Every structure is written in structure tokens, then in C-alpha cells.
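Keep in mind it's a predicted model, so treat the numbers as computed, not measured.
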Amino acid sequence: MKLHGIKMFAPALSARTSLLAGALLAGLFLAGCSSAPEPEEFEVTIPEGADNENVRHDPFRMIGNIWWVGHSQVGALLFETSDGLILLDTTSPEESEWVQENIEKLGHEMSDIKIMLNSHTHGEHMGGFASFKELTGARVIMSQAAADEVATGGRTDFREDGSEQYTPFETDEIVEDGGTVTLGDTTLTMHLTPGHTKGCTSWTTTVEEDGETHNVLIFCGMATAGIDRAPLLDNPKYPDIVEQYQASFAKLRSLPCDGAWFYPRATTILLHEKQAKLDAGEKPNPFIDPAGCTGYIDEYEGLFNDQLSQQQRAADLTSSY
């Protein structure tokens, strides 16, 4: 990995990797610079890798007409409407068959899925789309940026090396930022929140629970990949990544965050803890979690700002020599 042309070596999955600026710059000063002042030591955060080690997990209703049909770690959300099913995400190519099993456990046929939506275009979330599209005949609806990426099977993802991440497929319909997708009595509104991917898509809707209407916000994902995979500064594959992240955080803060919130990672949304409370009959529904919703935005905006400041500091140290 590189930072402004200087090679750095660090484990991709370590949480905090200490990088000595002196070691990074030493090669630049070996000739005629022996008296140069010793640079300051600093740390650059390398985010933990996502946990994609799944086991089967039975489907269950989270709130209203929204069901978890994913696995122990990676999620897929099913919306039961008056005119069929909407499926958001499919998990990986290998594990999407577990999603099919879960949908069928609920008494549905795969042909009941009329619309397929996505959060973001990484293989662990998109891998089953090509086969599910053929199996169900559902309309795939995405943002233009997401459609461009899935048409290449993830080859154009700025974090990756150009290898195919999943089977490419074509999108049937493009939804614009702020546009809606409706099936029967259910409407979801699309909010483009790029950064994690260029076509990163968050969704809002409402559900009925115990006679009350609740807002639902489904996050696309706001984690940064880390300097080892996708630097925030001078990234030739994503020159405006910083500005897009900042705009996305601002947009998320403008969306209704006073009800339930979801993200297709079980650990992120405390899925198992909340499910246990739900199974115990806790009221109100434990997935109604405004504090957790705003906390998610706060946490990932803080991590983004921390990584940005670290990378800027490294750049400043480099330019001072």
C-alpha cells in the first residue's frame, strides 16, 4: 500500500498499526541528509476486516412487514407487501441459497419476489443477485452508479484489484436520488449516500407496529476501507471520496432517525441481542432504537474524520521534508 508515493507495510486486519514517519521517510534522506531532525511518530488506523463467517440463521420478523432472511452475520431484508415481496440484498454467491431457504421457510415461493433492491455493491451483499434475478424474474432497481458496478461483477469497485467479485448482471430500472420504489402497500425512498461505494444506497420507509407508525432507516454503510485499501487523500480511483463522504453524513443526519434502523450486518445493529429481547416479549419493539440510529452516524463520522486527519498529518509530514 502507498501513502503519497511512500510504500508502507501493515497487516490489513490489525486495528491500530503504528507507522513511524522516520522509517517511512528514511530512504528519502540516506544521501546527504544524515543530520535531518528525527520525524514525529504517529499512528494510522487500519480498520478491522468485516466478519463474513456465517452460519445459518432462521428468518424472523424484526418489525412491521420487515423480516431478516440473512445469516448469523450478513443480512438480507424481506418486505412483505400486499402485492408480493421486496428483497433487499442477497448475501454472498455461496450463502444466498440460505436466503432462499429462509424465504421458503416463511411459506413463500421465490417467484413471489417482485422487486430486488440493494444497499451496496460488495460481493458479500450482492453475490446472489444474478441467480436470484433469473430464478425469480424480479425487477432489479438500483442507482445508476450501483448499476454500473454490478454490470462488471464488482470489477470497478474502487477498493478492489479489478477481479470479478460476483457474476455480473443488468439492472432493470434506475432510481434517482430521492426517488421511490412502490409495491402494493409498501413504499421505500432511495437516498444516495456514496463513500463506502460510489453507488451506496440508503433507504427510508415506514411500518405499522402495535397500532403506531414508525420511521425506518436502512443504512447503506459508512465505514471507510482504510489507507491500506482505499486512501481518502489523492485517491485516483475516487478523487472526490472525501467530499462525497461528508455530503453523505450530512444527508443521513437530515433523514428520520427516530424509529427503527437497519444495516446488513448483524453485529452492527445488535441483531442477536435485539432478537432475544423481541422473543422475550419486550415492549416497545427493541428494534425501535433512535439512540442507536444517531449513534451509528456519530461513530462512523468520527472514524472517518479520524482517518482523514491521520492521513492529512502523514501528508503534511511528507511534504515538510
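- The heavy-atom pair separating P93 from G123 by the smallest distance is CD-O, 3.9 Å.
- Using a 4.5 Å heavy-atom cutoff, the side chains of E176 and M190 are not in contact.
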Item to check | CA sep, side-chain torsions, deciding dist, call: S92, E95, side-chain hydrogen bond (donor to acceptor under 3.5 Å, both in side chains) | outcome: CA-CA 5 Å; S92 71; E95 296 161 342; 3.2 Å; yes
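- To the nearest 0.5 angstrom, D316 atom CG is 12.0 Å from Q311 atom CD.
- Summarising the geometry, atom CG belonging to L188 is positioned 6.0 Å from atom CD1 belonging to I218; distances are rounded to the nearest 0.5 Å.
- Hydrophobic clustering of Ile, Leu, Val, Met, Phe, Trp and Tyr side chains at less than 4.5 Å, counting indirect connections, unites L117 with L217.
- With no hydrogens or angles considered, a side-chain donor-acceptor pair links T187 and T182 at under 3.5 Å.
- Aromatic pair H196/H120: centroids less than 6.0 angstrom apart.
- Residues H272 and H57 are in side-chain contact: their nearest non-hydrogen atoms beyond the backbone lie under 4.5 Å apart.
- Here D112 contributes atom CG and L78 contributes atom CG; the two are 9.5 Å apart, rounded to the nearest 0.5 Å.
- Aromatic rings of Y263 and F219 (six-membered ring for Trp) have centroids beyond the 6.0 Å cut-off, not under it.
- Taking the six-membered ring wherever Trp is involved, the centroid distance between the rings of F287 and F262 falls below 6.0 Å.
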- Message: Pair R139, K114 - check side-chain contact (heavy atoms from CB on, under 4.5 Å), show working.
- Response: CA-CA 6 Å; R139 287 185 298 139; K114 305 303 181 184; over 6 Å; no
task: Decide yes or no on side-chain contact (heavy atoms from CB on, under 4.5 Å) for I269 and W261, but give the supporting numbers first.
output: CA-CA 8 Å; I269 63 174; W261 65 283; 3.7 Å; yes
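- The distance from the CG atom of L77 to the CD1 atom of I66 is 7.0 Å, given to the nearest 0.5 Å.
- Contact annotation: the side chain of Q310 never approaches that of L232 to less than 4.5 Å [non-hydrogen atoms, C-beta and beyond].
- Just one residue in the list T197, V74, D89 forms a side chain to side chain contact (heavy atoms under 4.5 Å, CB included) with H122, and that residue is T197.
- Residue I241 holds its CD1 atom at 8.0 Å from OG1 of T224, rounded to the nearest 0.5 Å.
- Under a cut-off of 6.0 angstrom, the local environment of CD in E134 is sparse, with at most 12 non-hydrogen atoms contributed by other residues, nucleotides or ligands.
- Contact annotation: the side chain of T193 approaches that of L252 to within less than 4.5 Å [non-hydrogen atoms, C-beta and beyond].
- The only option from K237, R229, R155 that meets the salt bridge (Lys or Arg N to Asp or Glu O under 4.0 Å) definition with E160 turns out to be R229.
- With contacts defined as side-chain heavy-atom distances shorter than 4.5 Å, the pair Q275/D279 qualifies.
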After noting the C-alpha distance and the side-chain angles of N54 and E124, does the key distance pass the side-chain contact (heavy atoms from CB on, under 4.5 Å) rule? CA-CA 11 Å; N54 280 293; E124 70 268 30; over 6 Å; no
Trace of the side-chain contact (heavy atoms from CB on, under 4.5 Å) decision for M126 with N118: CA-CA 7 Å; M126 299 295 306; N118 81 305; 3.6 Å; yes
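- No close placement of the F60 and W67 rings is indicated, their centers lying 6.0 Å or farther apart.
- At a cut-off of 3.5 Å, with distance as the only test, no side-chain donor of E149 or T156 sits close to an acceptor on the other residue.
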| request: Take H71 and T91, measure what side-chain hydrogen bond (donor to acceptor under 3.5 Å, both in side chains) needs, and give me the verdict at the end. | output: CA-CA 8 Å; H71 323 314; T91 77; 3.0 Å; yes
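- More than 12 heavy atoms of other residues, nucleotides or ligands lie within 6.0 Å of NZ in K251, so this atom counts as buried by the packing criterion.
- Remark: K105 engages D58 in a salt bridge, criterion side-chain N to carboxylate O under 4.0 Å.
- Annotation: F304 is not in aromatic contact with Y300 [ring centroid separation under 6.0 Å not met].
- Distance CG/L135 to OG/S111: 8.5 Å, rounded to 0.5 Å.
- Counting only N and O atoms by type, the side chains of Y245 and E301 include no donor and acceptor under 3.5 Å apart.
- You'll find the side chain of V150 reaches within 4.5 Å of the side chain of Y166, heavy atoms only.
- You'll find the side chain of S72 stays beyond 4.5 Å of the side chain of R56, heavy atoms only.
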task = Apply side-chain hydrogen bond (donor to acceptor under 3.5 Å, both in side chains) to N285 and E209, showing your working.
result = CA-CA 8 Å; N285 186 311; E209 180 85 357; 3.0 Å; yes
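- The closest side-chain heavy-atom distance from T204 to V216 is not below 4.5 Å.
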